[in-house]
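Just so it is clear, the model here is predicted, and its values are computed rather than measured. Numbered from 1 within each chain, the chains take letters A, B, ... in sequence-line order. Heavy atoms only: backbone and side chains are in, while hydrogens, waters and symmetry mates are out.
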There are 2 protein chains.
Amino acid sequence: MSNTVTNFTQRTINYEKLLGDFKVLLKKNNLKFTIQREVILETLYNSDEHLTPELLHHLLQDKFPELKIGIATVYRTLSLLEDSAMVTSLSFGAQGKKYELGAKDHHDHLICTICGNITEFVDEEIEERQHKIADELGFTMQDHSMQIYGICKNCKQ
Amino acid sequence: MSNTVTNFTQRTINYEKLLGDFKVLLKKNNLKFTIQREVILETLYNSDEHLTPELLHHLLQDKFPELKIGIATVYRTLSLLEDSAMVTSLSFGAQGKKYELGAKDHHDHLICTICGNITEFVDEEIEERQHKIADELGFTMQDHSMQIYGICKNCKQ
DNA sequence: CTTCTTTTGAGAATTATTATCGCTATTATA
DNA sequence: TATAATAGCGATAATAATTCTCAAAAGAAG
Ligand SMILES: [Mn+2]
Ligand SMILES: [Mn+2]
Ligand SMILES: [Zn+2]
Ligand SMILES: [Zn+2]
């Protein structure tokens, strides 16, 4: 059990709970609950992918054309959600960031350098070592991110 | 020994060797050995920091004002060096990349979220686990990067 | 409703990075 | 060393990603 690599695909929180948390957060900070913020949260929730702001914006335009959500609102809301730790971002070697809802359990990423696909995993041994290392070096650890780059099964053919 | 966290500060290659390698690399690819490429390599070698292209450009302007090195040359040369695996880059949550000479041994990073300082470390246990994980998931691992974010000793006061 | 405040979309501005181009420096070779 | 061929250079224009500005619209509270 302690040596296995686990793949996450399941959500660990339901949408109603998530939305409730979001509303509480907003109220606590004197922010308003807007339709834009709601549909952005919902769209993130319903996506299993890691989304760029641009891709998220396209999804929103497709699903909610009547709202005409602006790209600035997407950026603003992603920042808000990230600051509140409701989403996390992943920055790649090259350009841009990708966001995902943080309502999943913590995990790290295996990224195919050819097709760009991302496999998620978590390894308890590594998680433990990270804490030990931060302690030893006098850091109060807040977060960490780890990416393994390689060529996936498909791309090896 | 196998449970210790090691801090790297020393170089593992001397400059003459590095420069020789660079010249070989250039010749092999029909690229020319220019004074700009040389001083960029030298400046990277003499810096212990992780440099942004912009900061590197400033350093070059200070040390070699007569060359009037352009920012485009800095970007071009960093890309060349990265493609040739002579430097590696680190991309942060927010904006931009930072580069460092890859002539040091491989290591990961502990980054202070307040002052931005970077501590380097390597942990053999983690390195091993990373290989195992890639194998298990059918990836041919090419590289990896790991950052631990936290608050450093100084900033805790 | 009315008032007060926050948020929004559009588009301008900014920042980081890359592309273009005419001139210059390097390299190979005679 | 002189010459010719070619790659690299700096300046600057162009792009791409992100942030800012601002007037109008929407949400919260009473
Ligand atoms: Mn993920
Ligand atoms: Mn480093
Ligand atoms: Zn792939
Ligand atoms: Zn610090």
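- Put simply, the side chain of B:S47 never gets that close to the backbone of B:T43: no donor and acceptor are under 3.5 Å apart.
- When distances are taken from the side chain of B:T34 to each of C:dT18, D:dC9, D:dG27, the shortest belongs to D:dC9.
- For NZ of A:K63, the number of neighbouring non-hydrogen atoms (other residues, nucleotides, ligands) closer than 6.0 Å is greater than 12.
- With distances taken from any side-chain atom of B:L31 to the nucleotides D:dG8, C:dT18, D:dA26, the minimum falls on D:dG8.
- Here the P atom of nucleotide D:dA25 and the CD1 atom of A:I69 are 18 Å apart, to the nearest Å.
- Atom OH of B:Y75 is separated from atom P of C:dA16 by 7 Å (rounded to the nearest Å).
- Residue A:L67 is classed as a sugar-phosphate contact, given heavy-atom separations below 4.0 Å to backbone atoms only.
- Straight-line distance from the CZ atom of B:R37 to the C1' atom of C:dA25: 12 Å, rounded to whole Å.
- Between B:H107 and B:H50, the angle of the ring planes goes over 60°, which puts this pair in the perpendicular group of the 30/60° scheme.
- Atom NZ in A:K27 sits about 5 Å away from atom P in D:dA29, given to the nearest Å.
- In this structure, the nucleotide among D:dA11, C:dT8, D:dG8 sitting nearest to the side chain of B:K32 is D:dG8.
- Taking atom CZ on B:F33 and atom C1' on D:dC9, their separation rounds to 15 Å, with Å as the unit.
- Atom-to-atom, CD of B:Q36 to C1' of C:dT24 comes out at 10 Å; the value is rounded to the nearest Å.
- Between the CG atom of B:L26 and the P atom of D:dG8 there is a distance of 8 Å, given to the nearest Å.
- Using a 4.0 Å cut-off, no side-chain N or O of A:R76 falls inside it from OP1 or OP2 of C:dT7.
- By the 30° and 60° cut-offs, the orientation of the rings of B:F22 relative to B:F33 is perpendicular.
- No donor-acceptor contact under 3.5 angstrom links the side chains of A:Q147 and A:H109, judged on distance only.
- Look at CD on A:E54: it is 15 Å from P on D:dT19, rounded to the nearest Å.
- Sequence order on DNA chain D of the closest nucleotides to B:N30 and B:G70 puts B:N30 first from the 5' end.
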